[in-house]
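Worksheet for the structure shown next.
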Number of protein chains: 2
Amino acid sequence: MTGNTPPAATAFRRGNGRTDRPPYDLDAVLEIAVATFNERGYEATSISVLAERLGTSKSALYYHVSGKEELLQRALDRALGELESVLEAAGALDAGAADRLESVLRGAVRVLVAELPFVTLLLRVRGNTDVERDAVRRRREFDHRVSQLVHAAQAEGSLRADLDAGTTSRLLFGMINSIVEWYRPGGALDDEALADATVSVALDGLRAR
Amino acid sequence: MTGNTPPAATAFRRGNGRTDRPPYDLDAVLEIAVATFNERGYEATSISVLAERLGTSKSALYYHVSGKEELLQRALDRALGELESVLEAAGALDAGAADRLESVLRGAVRVLVAELPFVTLLLRVRGNTDVERDAVRRRREFDHRVSQLVHAAQAEGSLRADLDAGTTSRLLFGMINSIVEWYRPGGALDDEALADATVSVALDGLRAR
DNA sequence: GTCTATATACCGATAGAC
DNA sequence: GTCTATCGGTATATAGAC
């Protein structure tokens, strides 16, 4: 279980560069980098092992990216962008707050599954550097807007109001976000069933009726 | 927001050792070490900064502990021990599965709050070293036993059975565990109110009735 | 664009004086 | 028990040949 992933022949092509372009694919690099960050932790991942996994050398990697932090930046931006567009789409709906909230919940589960490694990385960021702090700031902004939606749904009468909106939305997204810890696509539970199960547990609870 | 915590005058007393014993307090060391691990990440925390925060030197710290990993080991053991004793206490109850499960949920929230930094650290461990792998193994064992309890409660008819026990308990503990990300004791919501709110959302859901 | 070699800094850990 | 000094190793990042 040492986790030796084979090098990714698709991201870089070594040699004299006589093969067809492109000799390097940023998306593929990012994918492998993010997978490595998630396995070993961002801080614990060195440029050397990253280059090794990418099937290239440290210097070659530095030629293409400014460093580890640029990879982190791009990865976090991708995850945040997708999540923010879920909020935006829900905001454009001509529906009550409860329906808009449910659409955000389902959308978040879908993004989480579709962008699993990227969102996983996002959820582990603590704010040690400027890049991380900016990601934390955008996450907080997202949480804030969800909380406003919960508040509106409570005012509407469709969500129970004995808990404050902040606590409610934190518990809600705590449950949703935890999905990255165990869900792997391709298992018995498919993406839509997962979204159904999650939203149903959140709204109706676990007690038998 | 660089987060410069002042050195802990209580864990070590510098100088010629002419003060009253003990000149060093393992629990205090552990507390500060764990707080630092949680702030900056375990891997990203060096022995040097640890010693600095403890108000002592690298060598002095090494005199008392074998290294960073011993501190991690002790911290994880504390968190796991508390969680396991919650399961044990619930198992000894003369009650149905649903009541035993509810007691585990409440107990877990209480431990989580009482041992907040230790449980936080536990939940972030990924299994990179032997110490971490052993902690992950114990966590999985805990999850497995919770899942069995959920299964029993479903068989009893007190929990909805349209979701499998594994998914249910993962969502359940996903919500509970996420509390470490935002709850800080001493706020408007006290520990028991938090436990009530969490268990109530889990069992009854958020929809207004 | 990729290579080897290297600069500079910090890491965990230890030796030996006091 | 704590200190200074230092070991060997690895980190990020760059210079310069090809």
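Convention: sequence-line order gives letters A, B, ...; per-chain numbering from 1.
- Interatomic distance, Arg145(B) CZ to Leu87(B) CG, rounded to the nearest 0.5 Å: 5.0 Å.
- The nearest whole Å value for the distance from the CD atom in Glu69(B) to the C1' atom in dC11(C) is 15 Å.
- With rounding to whole Å, Arg40(A) atom CZ is found 14 Å from dA11(D) atom C1'.
- Applying the 6.0 Å contact sphere to CD of Glu31(B) captures no more than 12 heavy atoms from other residues, nucleotides or ligands.
- A salt bridge between Asp130(B) and Arg133(B) is present, with a side-chain N of the basic residue lying under 4.0 Å from a carboxylate O of the acidic one.
- One atom, NE2 of His64(A), and another, P of dT14(D), lie 15 Å apart when rounded to the nearest Å.
- The residue Lys68(A) sits close only to the backbone: its heavy atoms come under 4.0 Å of sugar-phosphate atoms, none of a base.
- At dT2(C), none of the side-chain N or O atoms of Ser57(A) fall inside 4.0 Å of OP1 or OP2 (strictly under the cut-off).
- Look at CG on Leu61(B): it is 13 Å from P on dT14(C), rounded to the nearest Å.
- Taking side-chain N and O atoms only, Ser59(B) has no distance below 4.0 Å to OP1 or OP2 of dT2(D).
- As a whole-Å value, the separation of Ile47(A) CD1 from dT6(C) P is 22 Å.
- Among the nucleotides dG12(C), dT12(D), dT2(C), the one closest to any side-chain atom of Ser46(B) is dG12(C).
- What separates CD of Glu43(B) from C1' of dA11(D) is a distance of 13 Å, to the nearest Å.
- In this entry the distance linking OH of Tyr62(A) with P of dA13(D) reads 4 Å, nearest Å.
- Comment: Arg137(A) does not engage Glu141(A) in a salt bridge, judged by the lack of any side-chain N to carboxylate O separation of less than 4.0 angstrom.
- The CD-P distance, from Glu52(A) to dT2(C), rounds to 17 Å in whole Å.
- Taking 4.0 angstrom as the limit, Ser48(B) places a side-chain polar atom (N or O) nearer than this to OP1 or OP2 of dC11(C).
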